[in-house]
There are 2 protein chains.
Amino acid sequence: MSKKISLKDIAEAVGVSTALVSYVLNDKDEQTRVNKDTAKRIREMAKEMNYQPNQIAKSLKSGKSQAIGLLVADISNPFFGNLARAIEDEAKKHGYSVLFGSSDENLENSQRLIDTFINRQIDGFIIAPAEGTASQLEYLKNANIPFVLIDRYFKDLETSYVVVDNFNATYQATQLLLSQGHTKVAYVCYKNQLQHTEDRYSGYLQALLDQGNAEDSSLICEVEFNNATYFREQFIELLQPDRDVDAILFSTNTLSIMGLKIINELNITVPDDLAVFCFDESEAYDLFYCPISYVKQPLSMIGKEAVKILLEQLRGKASSEQKVMLDVEIVARKSCQK
Amino acid sequence: MSKKISLKDIAEAVGVSTALVSYVLNDKDEQTRVNKDTAKRIREMAKEMNYQPNQIAKSLKSGKSQAIGLLVADISNPFFGNLARAIEDEAKKHGYSVLFGSSDENLENSQRLIDTFINRQIDGFIIAPAEGTASQLEYLKNANIPFVLIDRYFKDLETSYVVVDNFNATYQATQLLLSQGHTKVAYVCYKNQLQHTEDRYSGYLQALLDQGNAEDSSLICEVEFNNATYFREQFIELLQPDRDVDAILFSTNTLSIMGLKIINELNITVPDDLAVFCFDESEAYDLFYCPISYVKQPLSMIGKEAVKILLEQLRGKASSEQKVMLDVEIVARKSCQK
DNA sequence: TCTTTTTGTTTAAACGATTAAGCTATGAAA
DNA sequence: TTTCATAGCTTAATCGTTTAAACAAAAAGA
């Protein structure tokens with residue numbers, strides 16, 4: 001039907017120049033002392049013609065796109081889906097749109113997404129960085145492109161981030177399991193160099209040590225990302241009766257779900273045969289025959305904070321990198337009892 | 001550090017006009033007979049300076065943004081998360097980025113998102129339309145903005161869509177429950193005017209009728225979206241012993257999960273006390289003490305098809321609206337047995 | 001009455017790309 | 001020798017905004 005209405009169309013209709021229209025519609029008519037009557041006519045005409053500014057043209061002129069890029073491992077993972085939703089909502093409040101991309105924890109994918117988004121003049125990034133992407137982040141820093149990390153961070157890289165206190169999370173969960181009388185608390189995690197992975201392991205380990213237990217590698221099940229077969233093997237191995245494991249702490253939601261499935265298959269009863277403590281949320285935790293204990297991350301808060309910090313940087317208010325570490329909630333239920 | 005490199009920078013460095021650079025970098029140097037040596041120098045310089053074209057400027061000129069807008073009810077719902085992922089992957093293959101927005105099934109949100117995306121010169125939409133948004137889609141049609149519906153469609157609106165055969169889905173599920181010997185098969189659904197809601201109900205009803213059962217409103221639990229309290233009341237009412245319900249068919253994933261939780265609370269045993277058939281996928285279906293039967297939608301296929309159809313429209317290949325109806329997979333497990 | 005200030009508006013460049021049209025050598029044909 | 005075609009390039013307009021600078025008319029001051 002109707003082609004898009006531009007400033008020029010309004011200008012012609014009212015009989016003024018595009019400059020005036022621009023001033024008025026950007027509420028700069030006071031400063032630029034546009035005649036009140038003219039301003040009114042412009043505003044009315046704009047409404048009548050249902051004028052919608054062309055964001056692309058604005059972006060080109062301003063160098064700002066009013067859009068932020070969200071990089072996660074996988075948007076179909078509810079953990080990231082929930083983060084995305086929180087980020088979307090907060091961004092929308094401030095007039096920003098969100099572009100997203102899934103890296104699958106892969107270096108090249110991550111780089112490609114960053115490039116694509118930069119070409120689209122993204123104003124800034126919110127990134128759950130994949131392993132080994134520190135150099136990509138360095139690049140962003142050097143290019144002066146604002147970004148905020150979520151979920152993960154790099155110890156030796158000065159960046160803004162919003163994460164949870166992972167050490168404390170696993171420390172508390174482990175301690176809880178031990179305090180219930182479990183003696184052989186196993187730990188299931190992904191094998192990678194990411195800081196939060198290490199923090200979670202450290203928390204687990206410290207809790208063991210603090211209760212007088214020694215580090216025991218036979219209690220650790222460390223598996224590769226995206227290798228279900230390998231996980232199955234390793235995890236079943238961990239559950240062999242001779243290993244005497246009486247409790248398990250999973251360090252991510254995907255590991256938790258995969259683990260619980262195998263526990264079911266092997267007809268191991270939770271918590272009688274085996275106590276279980278999971279990470280993150282899942283519909284499944286409530287529906288398991290025995291309510292699952294879990295470490296609950298404040299996802300909305302993480303998303304909200306990340307956007308807030310990013311916007312501060314965009315507006316140049318940020319004096320320096322902001323590092324936020326939020327507390328998790330330990331939801332202890334039947335699955336961790338003795 | 002370095003500011004962005006533009007065509008002009010390359011042109012100056014090589015000592016030619018921006019036009020030549022543009023021709024060469026868009027592989028039009030043959031047609032525009034650019035000297036091979038010049039072309040080579042331009043290409044080398046572009047690589048050396050790490051030139052990245054400004055997509056915004058391209059968009060302004062071409063009117064095309066190489067981006068598509070995805071409108072769903074809620075990106076944190078794994079159903080939409082999985083769709084989003086499929087769409088992202090397929091879009092990326094063809095050089096398109098994805099902007100997303102969650103409407104929360106709300107009319108104004110939907111409209112706002114559409115406006116925002118149009119202003120950003122989105123090339124086309126993929127939409128899971130909320131109830132009552134037919135007029136918004138009409139608007140898109142009139143404005144000649146390509147879009148493809150997913151998950152839902154409107155019977156009296158000529159649009160492209162990719163949906164599943166919902167009638168058949170609930171028909172099969174219901175028939176399966178009946179064939180197992182269940183006599184009072186209840187149906188839990190949202191109260192709305194959406195076609196897929198009606199199709200699912202029709203499928204359920206037809207299966208009942210075909211097996212010689214009468215329509216029975218006391219077997220229907222129809223609840224409002226986003227009203228957990230109301231759902232709880234209604235659903236518990238449905239489960240009262242005097243109602244004699246021996247099987248339940250849930251018509252969405254959210255209803256399934258909420259329902260299963262209450263079934264657990266009330267200590268109703270599946271399938272002994274009550275057979276259950278759910279819709280869509282959830283981690284919880286596998287982890288429930290009794291493996292849950294469910295209607296599995298081909299999410300990747302839906303996403304992929306939607307993108308393909310949209311791109312055909314964008315390229316002007318599409319002669320007319322394309323309507324795709326995919327088959328679901330009936331995953332029958334223990335929860336539906338007698 | 002003449003200058004200065006204020007008010008209200010227009011002009012035009014810019015953002016970074018694309019692309020039709022124009023220009024200038026050079027070599028071939030007449 | 002003049003004419004024309006071709007190769008190889010540049011010019012300049014354009015997309016829809018923004019915004020500094022210029023301008024004209026009216027009002028105020030001298």
Side-chain angles (χ1 to χ4, degrees), chain A residues 2-43 45-46 49-67 95 118-123, chain B residues 2-43 45-46 49-67 95 118-123:
Chain A
S2 53
K3 79 173 226 319
K4 284 244 19 177
I5 300 296
S6 71
L7 275 192
K8 204 173 159 195
D9 299 319
I10 300 181
E12 277 168 11
V14 178
V16 294
S17 69
T18 61
L20 266 200
V21 181
S22 173
Y23 289 139
V24 171
L25 297 184
N26 287 295
D27 292 324
K28 294 193 179 145
D29 48 327
E30 299 286 318
Q31 309 143 56
T32 54
R33 31 175 206 225
V34 176
N35 184 294
K36 287 204 172 172
D37 185 59
T38 315
K40 194 173 153 227
R41 275 161 52 226
I42 289 173
R43 266 185 254 272
M45 184 56 77
M49 300 177 88
N50 187 31
Y51 169 71
Q52 302 283 115
N54 182 324
Q55 181 61 44
I56 293 279
K58 281 190 161 180
S59 296
L60 180 58
K61 189 81 227 299
S62 66
K64 301 285 154 206
S65 61
Q66 295 285 111
I118 291 180
N119 296 350
R120 290 180 180 282
Q121 303 290 119
I122 277 306
D123 292 339
Chain B
S2 53
K3 80 174 225 318
K4 285 264 326 186
I5 300 296
S6 72
L7 275 193
K8 206 174 158 193
D9 299 320
I10 299 181
E12 276 168 11
V14 178
V16 295
S17 69
T18 61
L20 265 200
V21 181
S22 173
Y23 289 138
V24 170
L25 297 184
N26 285 296
D27 292 326
K28 292 189 180 148
D29 47 328
E30 301 285 319
Q31 309 144 54
T32 53
R33 30 173 208 225
V34 176
N35 183 293
K36 289 206 171 172
D37 186 58
T38 314
K40 195 176 154 222
R41 274 160 54 224
I42 290 174
R43 267 186 252 271
M45 185 57 77
M49 299 177 89
N50 188 29
Y51 170 71
Q52 304 282 116
N54 182 324
Q55 181 61 44
I56 293 278
K58 281 190 160 179
S59 297
L60 180 58
K61 187 80 226 296
S62 66
K64 301 285 156 206
S65 61
Q66 294 284 110
I118 291 180
N119 296 350
R120 290 181 180 280
Q121 302 289 119
I122 276 306
D123 292 338

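Keep in mind that the numbers below use all heavy atoms, side chains included, and drop hydrogens, waters and symmetry copies. Per chain, numbering begins at 1; letters A, B, ... match sequence-line order.
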Original post:
Under 4.5 Å between any side-chain heavy atoms of A:V16 and A:V34, yes or no?
Top reply: no
Original post:
Donor-acceptor pair, B:N26 side chain versus B:K28 backbone, under 3.5 Å?
Top reply: no
Dump every N/O contact between nucleotides 4-14 of chain D and the protein below 3.5 Å, one line per pair.
{"residue": "D:dA7", "atom": "OP2", "partner": "B:R33", "partner atom": "NH1", "Å": "3.3"}
{"residue": "D:dA7", "atom": "N7", "partner": "B:R33", "partner atom": "NH2", "Å": "3.4"}
{"residue": "D:dC9", "atom": "OP1", "partner": "B:T38", "partner atom": "OG1", "Å": "3.0"}
{"residue": "D:dC9", "atom": "OP2", "partner": "B:N35", "partner atom": "N", "Å": "2.8"}
{"residue": "D:dC9", "atom": "OP2", "partner": "B:T38", "partner atom": "OG1", "Å": "3.2"}
{"residue": "D:dT10", "atom": "OP2", "partner": "B:S17", "partner atom": "N", "Å": "2.8"}
{"residue": "D:dT10", "atom": "OP2", "partner": "B:S17", "partner atom": "OG", "Å": "2.9"}
{"residue": "D:dT14", "atom": "O2", "partner": "B:K61", "partner atom": "NZ", "Å": "3.4"}

Original post:
Got B:M45 and B:I42 here, is their nearest side-chain heavy-atom distance under 4.5 Å?
Top reply: no
Subject >> Test item: A:D9 and A:M49 side chains (from C-beta on) under 4.5 Å apart, heavy atoms >> reply: yes
**OP:** Mind checking side chain to side chain contact (heavy atoms under 4.5 Å, CB included) for B:K40 and listing every partner two or more places apart, or none if nothing turns up?
**Re:** B:E44
Subject >> Non-neighbouring partners of B:D29 that pass salt bridge (charged side-chain N to carboxylate O under 4.0 Å, His left out), sequence neighbours left out >> reply: B:R43
**OP:** List in chain and number order the residues that pass side chain to side chain donor-acceptor pair (under 3.5 Å) with B:Q52, two or more places apart in sequence or in another chain; answer none if no residue qualifies.
**Re:** A:N119
**OP:** Give me the bend of the helix from C:dT1-D:dA30 to C:dA30-D:dT1, using the axes of the five pairs at each end, rounded to 10°.
**Re:** 80°
**OP:** Would you tell me if any nitrogen or oxygen in the side chain of B:K28 comes within less than 4.0 Å of OP1 or OP2 on C:dT19?
**Re:** yes
Side-chain donor-acceptor pairs of residues 57-64 of chain A under 3.5 Å, sequence neighbours excluded:
{"residue": "A:S59", "atom": "OG", "partner": "A:Q55", "partner atom": "O", "Å": "2.8"}
{"residue": "A:S59", "atom": "OG", "partner": "A:Q55", "partner atom": "NE2", "Å": "3.4"}
{"residue": "A:S59", "atom": "OG", "partner": "A:K64", "partner atom": "O", "Å": "3.1"}
{"residue": "A:S62", "atom": "OG", "partner": "A:K58", "partner atom": "O", "Å": "2.9"}
{"residue": "A:S62", "atom": "OG", "partner": "A:K64", "partner atom": "N", "Å": "3.0"}
{"residue": "A:S62", "atom": "OG", "partner": "A:K64", "partner atom": "O", "Å": "3.2"}

**OP:** For A:K8, answer base if it contacts any base atom (sugar-phosphate contacts may also be present), sugar-phosphate if it contacts only those atoms, and nothing otherwise; contact means non-hydrogen atoms under 4.0 Å.
**Re:** nothing
